[in-house]
Amino acid sequence: HYFPRQTGKFAGFFFPSLFAAVKRQSVTEMSRGRIAVHRLRYAYAASSSITASSSAVTRFQFQCPQQYLTRASLPFHFHSRYSSSVPKQALHGGVENYPSGDFDFKPLAGWKKFIVKLKMLTALPWHRLRYGTVLTIKLRGQISDQLKSRFSRGLSLPQICDNFLKAAYDPRISGIYLHIDILNCGWAKVEEIRRHIFNFRKSGKFIVAYVPSCREKEYYIASACEEIYAPPSAYFSLFGLTVQAPFFRGVLENLGIEPEVERIGKYKSVGDQLTRRTMSEDHHEMLTALLDNIYTHWLDNVSAARGKKREDIENFINKGVYQVETLKEEGFISDIIYDDEVITRLKERLQGKTKKNLPMVDYRKYSGVRKSTLGLSDGKDLIAVIRASGSIRRIESPLGARSSGIIGEKLIEKIRSIRESNKYKAAIIRIDSPGGDALASDLMWREIRLLAASKPVIASMSDVAASGGYYMAMGAGVIVAENLTLTGSIGVVTGKLNLGKLYEKIGFNKEIISRGRYAELRAAEQRSFRPDEAELFSRSAQHAYKQFRDKAAFSRSMTVDKMEEVAQGRVWTGKDAASHGLIDAIGGLSRAVAIAKLKAGIPQDRQVTVVELSRPSPSLPEILSGLGNSLVGVDRTLNELLEDLTFSHGVQARMDGIMFEKLEGYPYANPILALIKDYLSSL
């Protein structure tokens with residue numbers, strides 16, 4: 001539910017802004033058992049606090065540290081004005097069944113239909129379309145969770161989803177022709193696109209797929225379409241899924257580099273990648289569970305979409321079939337024809353035997369059609385959406401280049417603007433991040449909790465919201481994730497590289513004059529830690545982990561012992577995270593909006609206007625890139641690499657560099673640079 005992570009689950013702790021609400025609540029709302037529990041917690045809180053020592057945490061040590069909560073005078077926990085009186089259950093389908101947010105197509109009628117037609121007639125010339133137009137969308141390469149400007153390269157998930165929604169209601173659009181090529185995104189985005197395909201089909205319009213090159217992820221999307229076409233020379237490789245974990249110990253030894261890593265959490269395998277040559281048993285266990293989850297999900301959903309038994313799909317995969325003729329015979333594709341032949345068939349379906357060209361509009365042009373033109377954003381109630389994508393940094397890069405990823409201080413500004421505004425009924429934090437700077441994650445967590453004290457806040461997870469990404473999410477009232485979102489990874493890693501042997505090889509020397517016992521803790525990279533330095537280094541990492549874990553336990557209304565069982569740096573799929581209480585509901589952004597409406601007291605059948613606060617503003621490099629300057633991409637990649645080198649100091653709350661072949665893909669054009677970037681930024 002919403003209340004436990006708005007006001008603080010544990011007795012006697014409240015944010016100052018909630019103090020008035022506390023006094024208004026009635027003690028009779030809580031059962032005697034709950035009152036007794038809260039009194040016990042309050043009594044313990046008065047006599048103990050979390051320390052920074054490395055000693056074991058006691059069983060009842062699950063309240064938040066004093067420095068980020070305020071003690072109230074009453075030994076009870078009350079609900080904010082947005083909360084429910086039902087105890088928190090962090091399980092989808094638990095005590096409270098959250099609204100599904102499922103798409104319910106209702107054709108335009110009456111006065112609203114007339115207004116939409118009038119808007120179309122008065123639309124700008126470049127937004128006008130002929131009736132019977134086919135929308136063409138090419139799904140290929142990287143798909144960002146951020147909105148894109150017209151000059152930006154690549155695809156934008158929110159704009160893809162908006163196009164499906166608009167096309168369903170747009171009377172000028174007859175259907176969608178979907179080109180699907182090799183994708184470079186995670187499974188959660190694929191799941192979201194697939195859901196919108198099924199939603200679009202509810203309008204009664206057609207959607208067909210053309211797949212010249214296809215692997216499991218591409219076929220997963222195509223299987224949701226009515227028909228699947230492929231050319232005779234198509235590349236099909238439905239051979240199964242793999243997961244890889246790189247290890248750099250041998251490389252570092254050859255270079256004369258000795259890693260000194262402190263990783264907290266037996267599954268936090270970033271440390272293993274630097275210090276080991278092979279997988280540990282815990283690492284292997286985690287990756288196997290992730291792969292099994294994804295593969296099983298793929299088999300179940302493809303078999304359901306194609307009307308086949310799961311066993312038949314699995315047997316087909318194990319045959320290693322690549323010939324398109326066999327795929328057609330087995331019913332995996334509809335026909336073997338070229339692109340022009342597909343267009344001819346669509347033309348005949350819509351226009352009959354005519355010489356006129358089939359009117360078509362592409363993804364970019366149709367993205368310019370406003371939802372308001374189709375009567376889809378007329379709601380008076382506003383829900384704000386803040387998108388947070390990429391690695392987490394605390395401040396802007398000093399290199400002069402425009403920083404990518406999540407800049408903590410900028411995101412905090414947006415969060416505060418929502419909190420200080422009365423026009424937004426609720427807020428959604430959309431997260432697609434493997435984590436990063438632990439301090440920045442904590443500062444954003446604090447601001448999200450403050451926002452959640454004044455209005456409903458829902459966290460919506462995309463491909464990945466792990467480690468620092470999960471840190472942010474747990475400040476929200478409700479967490480929503482896709483079945484295959486990668487999340488959790490509650491752990492920290494820090495360390496330094498001993499470059500002494502490397503310096504000897506290249507003839508370099510460095511001398512340090514210092515004052516203070518631990519002044520050379522990070523400065524002396526030419527030697528190993530002294531015993532006292534190593535002990536301090538370990539204690540500081542343990543302290544950071546305990547803070548992360550204890551705040552996660554507090555935010556998710558768990559004891560520390562219970563949270564410890566699911567923490568330890570382990571990465572979970574969304575489905576497993578729900579069963580372990582780390583998230584509340586399975587779904588995409590539409591479900592997050594539905595839950596936000598519920599928590600804000602807005603009827604589910606009432607339209608709302610979703611306001612994106614992360615609107616793109618094109619930079620000069622993006623404009624040049626849009627005009628065809630291929631050097632810009634290289635420049636940006638190198639700048640990002642330099643930024644990560646600059647900000648790689650300190651404790652990192654970052655998910656390990658898991659590489660799923662045919663699952664995740666690389667987010668940058670050059671896989672070698674991406675590998676180096678992932679490795680260096682994890683140090």
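All residue numbers refer to positions in the sequence shown, counting from 1. Computed from a predicted structure; not experimentally measured.
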Peer 1: Once you measure the plane-to-plane angle for W445 and Y471, does it fall in the parallel (<30°), tilted (30-60°) or perpendicular (>60°) bin?
Peer 2: perpendicular
Peer 1: With the threshold set at 4.0 Å, does a side-chain nitrogen-carboxylate oxygen contact exist between E533 and R517?
Peer 2: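 Answer for the salt bridge query: no.
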Peer 1: Under the side chain to side chain contact (heavy atoms under 4.5 Å, CB included) test against V571, which residue among L287, T487, L290, V464 passes?
Peer 2: L290
Peer 1: Does any N or O in the side chain of R393 come within less than 3.5 Å of the main-chain N or O of D437, such that one atom is a donor and the other an acceptor?
Peer 2: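 It does not hold such a pair.
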Peer 1: Is a side-chain N or O of H580 found less than 3.5 angstrom from the main chain of D576, in a donor-acceptor match?
Peer 2: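 Yes; at least one donor-acceptor contact below 3.5 Å.
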Peer 1: Can R249 and D272 be counted as an ion pair, charged N to O under 4.0 angstrom?
Peer 2: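 Here R249 does not pair with D272 in a salt bridge, since their nearest N and O are not under 4.0 Å apart.
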Peer 1: Just grab all the salt bridge (Lys or Arg N to Asp or Glu O under 4.0 Å) pairs involving residues 488-499, residues at least two apart or on different chains.
Peer 2: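 For residues 488-499: none.
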Peer 1: Salt-bridged, E564 to R549, with N to O below 4.0 Å?
Peer 2: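 Here E564 pairs with R549 in a salt bridge, since their nearest N and O are under 4.0 Å apart.
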Peer 1: In terms of side-chain geometry, is the basic nitrogen of D442 or K551 positioned less than 4.0 Å from the acidic oxygen of its partner?
Peer 2: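 Yes, charged N to carboxylate O under 4.0 Å.
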Peer 1: Salt-bridged, D432 to K189, with N to O below 4.0 Å?
Peer 2: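 Yes, D432 and K189 are salt-bridged.
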Peer 1: Angle between ring planes, Y503 versus F508, binned at 30° and 60°: parallel, tilted or perpendicular?
Peer 2: perpendicular
Peer 1: Just how far is it from atom CG of L411 to atom CG of L443, taken to the nearest 0.5 Å?
Peer 2: 11.0 Å
Peer 1: Which residues satisfy the salt bridge (charged side-chain N to carboxylate O under 4.0 Å, His left out) test with E482, sequence neighbours excluded?
Peer 2: R195
Peer 1: Would you find a donor on one side and an acceptor on the other, under 3.5 Å apart, between the side chain of S433 and the backbone of A465?
Peer 2: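 Checking the backbone N and O of A465 against the side chain of S433, no donor-acceptor pair under 3.5 Å is found.
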Peer 1: So that I can tick it off, tell me whether R539 and E262 are bridged by a salt bridge, with the cut-off set at under 4.0 angstrom between side-chain N and carboxylate O.
Peer 2: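 Answer for the salt bridge query: no.
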Peer 1: Would a distance-only check, ignoring hydrogens and angles, find a side-chain to backbone donor-acceptor pair under 3.5 Å from T609 to L382?
Peer 2: no
Peer 1: With sequence neighbours left out, write down each residue that passes salt bridge (charged side-chain N to carboxylate O under 4.0 Å, His left out) with E565, or none if nothing qualifies.
Peer 2: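 Per chain and number, E565 pairs via salt bridge (charged side-chain N to carboxylate O under 4.0 Å, His left out) with K562.
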